[in-house]
Amino acid sequence: MEEIRVFCPATIANISCGFDVLGVALDAVGDEMVVRKTHEKGIRITKLEGQDLPLETKKNVAGVAGLAFLEKADYNGGFEIEIYKKIKAGSGIGSSAASSTGAVWAMNYLLGNPFSKTDLVKFAMEGEKLASGVAHADNVAPALFGAFTLVRSYTPLDIIPIKNPSELFATVIHPQIEIKTADSRKILKTNISLENGIKQWGNVGGLIAGLFTEDYDLIGRSLEDHIIEPIRSILIPGFDDVKKEALSAGAMGCGISGSGPSIFAFSKGKQTADIVADAIKKTYQNIGIDFDIHVSKINSEGIKIIK
């Protein structure tokens, strides 16, 4: 095979209590990419539709991730990439991760899968480093592994795939403002209190246990963030009202998706997720901010081939 077209899923990172270590892939929204082998060495981005992003290889996250892949690959040729962006940059649902992972996954497939998924995470993290200044894996890991993932360790990199509860649905609302990940990281504190740390890792453990046992009540109780959300939420207009409406409509929990401004809510069943979507729309309608909204099941596969 010389060419492949893939779907690259949007992702929710942090999932309230798991800053930089937890993420989940979505099924209803994502980018598409076409990657083809070439005799010419290097990476060339030949088309980019949907967003005003650079075509220059070293200024595009897909190009940077692809170069990291090529540096380690036993391959004398190169690749051309077409990117069809359907995830807006700065939306908080893994726009840069979709491009980074889609590129390296497709290249790996075209070469017969010489690298493991963990290897691909490392390559894709170079794209994330270009986008945000930090090589974090909480978006790229679920995009590549599917479902939920836990980054147990960064040194060495250790990714733990987590079972996906069958009735879990996500509602994501994206107010049409941009919050750059690099900017949202600058306002975070570098020290936390022991009290908040204890609360936070208790919730991380509870969330992991709830996902594995499909205990939806435990999942909901664990979706609390005592460290990041109180700071980042001030950047998102109407956040408190959206969260209140989501919980009142039956959501198990609600929080900031990645660095924002998108806000996610988890529900048991699509019917409840749709009700939550209708409820939280009103907040931005009332304050006059345009928005996108998505209701999605969890993507258990990650990146997938489009026929």
Side-chain angles (χ1 to χ4, degrees), residues 10-20 22-24 26 28-29 88 90-94 138-139 148 165 167-179 181 184-185 187-189 192 196 199-200 202-204 206-207 210-211 215-296 298:
T11 47
I12 298 170
N14 303 335
I15 314 180
S16 294
C17 55
F19 179 70
D20 272 7
L22 285 175
V24 63
L26 302 178
V29 58
K88 293 182 179 178
S91 61
I93 52 173
D138 49 341
N139 287 104
F148 289 82
E167 296 182 75
L168 190 64
F169 278 77
T171 304
V172 180
I173 190 164
H174 172 214
Q176 298 298 289
I177 59 174
E178 180 179 350
I179 297 178
T181 303
S184 70
R185 294 186 82 97
I187 67 170
L188 298 179
K189 297 177 181 178
I192 64 172
N196 281 337
K199 291 177 182 178
Q200 198 82 339
N203 281 324
V204 172
L207 180 55
L211 291 170
D215 186 332
Y216 293 91
D217 289 336
L218 178 55
I219 293 170
R221 296 200 307 274
S222 302
L223 290 171
E224 294 183 353
D225 181 0
H226 299 277
I227 296 171
I228 308 299
E229 184 178 297
I231 299 171
R232 280 185 168 170
S233 61
I234 63 176
L235 300 175
I236 305 173
F239 173 80
D240 291 337
D241 290 336
V242 168
K243 186 169 184 175
K244 179 181 177 182
E245 291 297 327
L247 297 175
S248 296
M252 295 153 38
C254 180
I256 301 171
S257 178
S259 58
S262 288
I263 303 167
F264 79 93
F266 283 157
S267 301
K268 183 178 182 182
K270 186 177 186 300
Q271 182 178 1
T272 301
D274 286 332
I275 293 170
V276 170
D278 289 337
I280 63 179
K281 286 178 185 177
K282 297 175 184 176
T283 297
Y284 289 119
Q285 289 171 339
N286 290 339
I287 61 180
I289 295 178
D290 292 335
F291 60 88
D292 291 331
I293 196 158
H294 310 283
V295 174
S296 178
I298 305 305

Any sub-3.5 Å donor-acceptor pair from Asp290's side-chain atoms to Pro175's backbone N or O? no
Assess whether side chain to side chain contact (heavy atoms under 4.5 Å, CB included) is satisfied between Ile236 and Ile263, documenting all intermediate values. CA-CA 9 Å; Ile236 305 173; Ile263 303 167; 4.0 Å; yes
Begin from the C-alpha positions of Val24 and Ile298 and carry the test side chain to side chain contact (heavy atoms under 4.5 Å, CB included) through to its verdict. CA-CA 7 Å; Val24 63; Ile298 305 305; 3.5 Å; yes
Short side-chain to backbone donor-acceptor contact, Ser262 and Ser91, under 3.5 Å: yes
Testing the basics here: between Phe148 and Leu168, what is the closest heavy-atom pair and its distance to 0.1 Å? CZ-CD2, 3.5 Å
For the CG atom of Asn14 and the CG atom of Asp20, what is their distance to the nearest 0.5 Å? 6.0 Å
Find the distance between CZ (Arg221) and CD1 (Ile219) and round it off to the nearest 0.5 Å. 10.5 Å
Evaluate Ile192 against Gln200 for side chain to side chain contact (heavy atoms under 4.5 Å, CB included), listing each step before the verdict. CA-CA 10 Å; Ile192 64 172; Gln200 198 82 339; 6.0 Å; no
Would you indicate whether the side-chain heavy atoms of Phe264 and Ser16 approach each other to under 4.5 Å? yes
To the nearest 0.5 Å, what is the distance between OH on Tyr216 and OG on Ser267? 11.0 Å
Has Asn203 got a side-chain atom pairing as donor or acceptor with Leu223's backbone, closer than 3.5 angstrom? no
Out of the candidates Leu207, Asp215, Leu211, only one should pair with Ser222 under the side-chain contact (heavy atoms from CB on, under 4.5 Å) rule; please name it. Leu207
Which heavy atom of Val204 sits nearest a heavy atom of Cys17, and at what distance? CG2-O, 3.2 Å
Which atoms form the tightest heavy-atom contact between Ala265 and Val276, and what is the distance? CB-CG1, 4.0 Å
Quick note, side-chain hydrogen bond (donor to acceptor under 3.5 Å, both in side chains) partners involving residues 270-283, not counting sequence neighbours, are Lys270-Asp274
Sort out for me which residue in Gln285, Glu245, Lys244 forms a side-chain contact (heavy atoms from CB on, under 4.5 Å) with Ile280. Glu245
Closest heavy-atom contact between Ser257 and Thr11? OG-O, 4.1 Å
Any side-chain to backbone donor/acceptor pair from Gln176 onto His174? Under 3.5 Å, distance only. yes
Shortest non-hydrogen pair, Pro237 vs Tyr284, comes out as O-OH, 2.8 Å
Which pair of non-hydrogen atoms, one from Gly94 and one from Asn139, has the smallest distance, and what is that distance? CA-ND2, 3.8 Å
Compare all side-chain heavy atoms of Ile256 with those of Ile228 and state whether any distance is below 4.5 angstrom. no
Would you check, one step at a time, whether the test side chain to side chain contact (heavy atoms under 4.5 Å, CB included) holds for Lys268 with Met252? CA-CA 7 Å; Lys268 183 178 182 182; Met252 295 153 38; 4.2 Å; yes
State, yes or no, whether a side-chain contact exists between Phe266 and Ile15 at a heavy-atom distance under 4.5 Å. yes
Is it true that Arg232 and Asp225 make a salt bridge, defined as a side-chain N closer than 4.0 Å to a carboxylate O? no
